[in-house]
2 protein chains.
Amino acid sequence: MGAVPADGVKQTRRDQILDAAAELFARHGFHGVGIDDIGAAVGISGPALYRHFRSKDAMLGEMLTSISERLLEGGQARVDAAPDAATALQALVRWHVDFALDDPALITVQMRNLANLTDPDRRRVRALQRRYVEVWVTALQESVAVDEPTARAAAHAVFGLINSTPHSAHLDRDQMAALLTRMALASLTTAGVLATA
Amino acid sequence: MGAVPADGVKQTRRDQILDAAAELFARHGFHGVGIDDIGAAVGISGPALYRHFRSKDAMLGEMLTSISERLLEGGQARVDAAPDAATALQALVRWHVDFALDDPALITVQMRNLANLTDPDRRRVRALQRRYVEVWVTALQESVAVDEPTARAAAHAVFGLINSTPHSAHLDRDQMAALLTRMALASLTTAGVLATA
DNA sequence: ACAAGGGGTAAACGACCGTTAACCAGCCTG
DNA sequence: CAGGCTGGTTAACGGTCGTTTACCCCTTGT
């Protein structure tokens, strides 16, 4: 799990810790996992983590801001690269689906543990998330006829749909990707028709 | 928030506590809210809760089992009352949408705090959830041509879509219900086409 | 050769928090 | 009017857990 570790390349200890923590946070929740658990997961024990992070809160903070940045950056890039609005939307869906399938732990943590962030960290993450939603909202408005509040709600709904992936490991990766992409696009294009019926 | 309190009728103190706890758990997570917080939310303080519940875990347990029971019971009832498979699926969607819109806190807790349950409670809740999923899976297989694993994954995806409702309060209740219903049905009917493409 | 520092350890500290104990006020019943 | 539930209260206990401290090894550059 956790995005493929680049090549055979040794990832820095920080990243190793972050990956292990993400997995644990996803499974047991932020408060449900102790500093000792995280240490044990990477073969060191307990307080050694403080050689790499200022606090447990800092781990979650760094984890969530980095997810949000990657999501925003990747999404924006794909929209910019798309020739027209319709393919931009498709690219966004595929991007988010790939992300969710490759990093289910990170997605889960981002969905569930926003509340456990420190106040400044939460502000930062929320700002990034808002910008990401904004990317979706404009892509939606440009490709399907829909008012802005509906577009916003539809975006959140599709996030929920795609992010549900950690809960169902019944299909293999490619089938799952195809299914989620199809469902997401279907729901989005329908969202436009008779928007304010 | 929290399902309409029947009529003007006074709800029992237990239910009052459960409602307040649900709201708090949804907002801050199970471990993020203290026994004192829950007490304060209903005007009593701290340990008085132990006159009504055996433990904090017991509150969560009762909360989640009751949600799961209501969900299953209501879903099954609607399927039984439906004349054919297609309307059964529509009824399921509407049922789940209504539930999510009327009890956003409960839905949120059920999605996020399964891991915080005690082992026996978790087994109970999971069993109920499995049966609920089963209701959806059979309804799906009878109305759209789709293999079972795909139906299962699609059901989870639609739960994610509908349960996203707490994150977006941009639309009023009826518009939101219409939007979610439309999106859910669109994604589901599309899930069947070329299922194992 | 050696000082420096990065990265690890185990032990102690301190706060928080779920739970229990001891106590008490009102109400309803006999 | 006595006496026992019912449902509160505050204070104390105990465990868990994040964090700090003190110590140590091993590597590396001078």
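These values consider heavy atoms only, across backbone and side chains, with no hydrogens, waters or symmetry-generated copies. A note on names: the letters A, B, ... follow the listed sequences, proteins ahead of strands, and every chain is numbered from 1. From a predicted model like this one, the values you see are computed outputs, not experimental measurements.
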Inset, instruction - State which of C/dA11, C/dG8, D/dA11 makes the closest approach to the side chain of B/Pro47. - result: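 Shortest atom-to-atom distance from the side chain points to D/dA11.
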
Roughly how many Å is it from [atom1] in [X] to [atom2] in [N], rounded to a whole number?
X	N	atom1	atom2	value
A/Asp36	C/dT9	CG	C1'	12 Å
A/Ile44	D/dC24	CD1	P	20 Å
A/Ile17	C/dG6	CD1	C1'	13 Å
A/Lys56	D/dG18	NZ	P	4 Å
B/His31	D/dG18	NE2	P	11 Å
A/Ile35	D/dT20	CD1	P	11 Å
B/Gln16	D/dG7	CD	C1'	13 Å
B/Tyr50	C/dC23	OH	P	21 Å

Legend entry - Validation row: A/Arg54, A/Met59 side chains within 4.5 angstrom (heavy atoms):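 Contact flag for A/Arg54/A/Met59 side chains = no.
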
Legend entry - Within 6.0 angstrom of A/Arg131 CZ, more than 12 heavy atoms from elsewhere: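 Atom CZ in A/Arg131 is not crowded, with 12 or fewer foreign heavy atoms closer than 6.0 Å.
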
Inset, instruction - Could you tell me whether A/Val33 contacts a base, only the sugar-phosphate backbone, or nothing, with contacts defined as non-hydrogen atoms closer than 4.0 Å? - result: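 The residue A/Val33 makes sugar-phosphate contact but no base contact.
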
Inset, instruction - Answer yes or no: does a side-chain N or O of A/His52 lie under 4.0 Å from OP1 or OP2 of C/dG8? - result: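 The answer is yes; a side-chain N or O of A/His52 sits under 4.0 Å from OP1 or OP2.
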
Legend entry - Salt bridge A/Arg152-A/Glu148, side-chain N to carboxylate O under 4.0 Å: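 Looking at A/Glu148 together with A/Arg152, the answer is yes, because their closest N to O distance falls below 4.0 Å.
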
Legend entry - B/Arg173 bridged to B/Asp98 by N-O distance under 4.0 Å: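 Here B/Arg173 pairs with B/Asp98 in a salt bridge, since their nearest N and O are under 4.0 Å apart.
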
Legend entry - Base of C/dG6 paired with side chain of A/Arg51 (donor-acceptor, under 3.5 Å):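 Between C/dG6 and A/Arg51, which were checked side chain against base, a qualifying N/O pair under 3.5 Å is absent.
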
